[in-house]
Amino acid sequence: MTDFWKVHAFSLATTLGVAYISCAIFDVLFPPFGLLAALAPASPWAISGSLVAFLTGFVLFIVAGFVLGALYGIVWGFWSKRLG
(Lines give C-alpha, C1' and ligand atoms only; values in the text may rest on other atoms or scores of the structure.)
Protein backbone atom coordinates (compact mmCIF):
# COMPACT_ATOMS: atom_id res chain seq x y z
CA MET A 1 0.00 0.00 0.00
CA THR A 2 1.24 3.47 -0.85
CA ASP A 3 2.22 5.80 1.97
CA PHE A 4 -0.45 8.48 1.73
CA TRP A 5 1.71 11.16 3.34
CA LYS A 6 4.31 10.75 0.58
CA VAL A 7 1.69 11.08 -2.15
CA HIS A 8 0.26 14.23 -0.57
CA ALA A 9 3.73 15.67 0.08
CA PHE A 10 5.02 15.17 -3.46
CA SER A 11 1.80 16.40 -5.06
CA LEU A 12 1.72 19.60 -2.99
CA ALA A 13 5.46 20.19 -3.52
CA THR A 14 4.98 19.83 -7.28
CA THR A 15 1.95 22.14 -7.20
CA LEU A 16 3.81 24.84 -5.26
CA GLY A 17 6.80 24.53 -7.60
CA VAL A 18 4.56 25.10 -10.62
CA ALA A 19 2.80 27.94 -8.81
CA TYR A 20 6.16 29.60 -8.08
CA ILE A 21 7.22 29.38 -11.73
CA SER A 22 3.85 30.81 -12.79
CA CYS A 23 4.22 33.67 -10.30
CA ALA A 24 7.78 34.32 -11.51
CA ILE A 25 6.59 34.51 -15.13
CA PHE A 26 3.78 36.88 -14.10
CA ASP A 27 6.30 39.04 -12.19
CA VAL A 28 8.46 39.33 -15.30
CA LEU A 29 5.49 40.28 -17.47
CA PHE A 30 3.88 42.67 -14.97
CA PRO A 31 6.66 43.74 -12.54
CA PRO A 32 4.89 45.83 -9.88
CA PHE A 33 1.78 43.63 -9.60
CA GLY A 34 3.15 40.13 -9.02
CA LEU A 35 2.68 37.88 -6.02
CA LEU A 36 6.41 37.43 -5.54
CA ALA A 37 6.89 41.19 -5.51
CA ALA A 38 4.31 41.34 -2.71
CA LEU A 39 5.94 38.48 -0.77
CA ALA A 40 9.55 39.64 -1.24
CA PRO A 41 9.58 42.28 1.56
CA ALA A 42 8.35 39.69 4.09
CA SER A 43 10.85 37.01 3.05
CA PRO A 44 14.14 36.74 4.95
CA TRP A 45 15.87 35.78 1.68
CA ALA A 46 15.61 37.26 -1.78
CA ILE A 47 13.00 35.31 -3.77
CA SER A 48 12.89 37.38 -6.96
CA GLY A 49 15.09 39.71 -8.97
CA SER A 50 18.01 37.47 -10.00
CA LEU A 51 18.75 33.88 -10.93
CA VAL A 52 20.05 33.01 -7.46
CA ALA A 53 16.96 34.59 -5.87
CA PHE A 54 14.72 32.68 -8.28
CA LEU A 55 16.38 29.38 -7.38
CA THR A 56 16.20 30.20 -3.66
CA GLY A 57 12.49 30.99 -3.90
CA PHE A 58 11.84 27.90 -5.99
CA VAL A 59 13.55 25.65 -3.44
CA LEU A 60 11.73 27.37 -0.55
CA PHE A 61 8.34 26.86 -2.21
CA ILE A 62 9.09 23.19 -2.95
CA VAL A 63 10.31 22.50 0.59
CA ALA A 64 7.29 24.29 2.05
CA GLY A 65 4.99 22.26 -0.21
CA PHE A 66 6.64 19.02 0.82
CA VAL A 67 6.37 19.82 4.53
CA LEU A 68 2.75 21.00 4.30
CA GLY A 69 1.80 18.05 2.11
CA ALA A 70 3.45 15.59 4.52
CA LEU A 71 1.63 17.12 7.47
CA TYR A 72 -1.66 17.00 5.57
CA GLY A 73 -1.07 13.37 4.56
CA ILE A 74 -0.21 12.31 8.12
CA VAL A 75 -3.27 14.05 9.56
CA TRP A 76 -5.49 12.71 6.79
CA GLY A 77 -4.25 9.17 7.42
CA PHE A 78 -4.76 9.52 11.16
CA TRP A 79 -8.30 10.83 10.90
CA SER A 80 -9.37 8.46 8.13
CA LYS A 81 -8.38 5.51 10.38
CA ARG A 82 -9.91 7.12 13.47
CA LEU A 83 -13.23 7.97 11.79
CA GLY A 84 -13.40 4.98 9.46
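Across all non-hydrogen atoms, the minimal contact from A9 to A70 is CB-N, 3.5 Å. Between L16 and G65, the shortest heavy-atom distance links the atoms CD1-CA, 3.2 Å.
Under the rule for a side chain to side chain contact (heavy atoms under 4.5 Å, CB included), the partners of L12 that lie at least two apart in sequence or sit in another chain are L68. In this structure F10 satisfies the ring pair (Phe, Tyr, Trp, His ring centres under 6.0 Å) test together with F66, sequence neighbours excluded.
Follow the hydrophobic side-chain contacts under 4.5 Å out from I62 and you never reach V18; the two are in separate clusters. Transitive grouping of hydrophobic side chains (ILVMFWY, heavy atoms separated by less than 4.5 Å) brings F58 and L51 into a common cluster.
Separating the CG atom in L60 from the CG atom in L55 is a distance of 11.0 Å, to the nearest 0.5 Å.
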Apply side-chain contact (heavy atoms from CB on, under 4.5 Å) to the pair I25 and Y20, showing each step before the final yes or no. CA-CA 9 Å; I25 290 171; Y20 182 80; over 6 Å; no
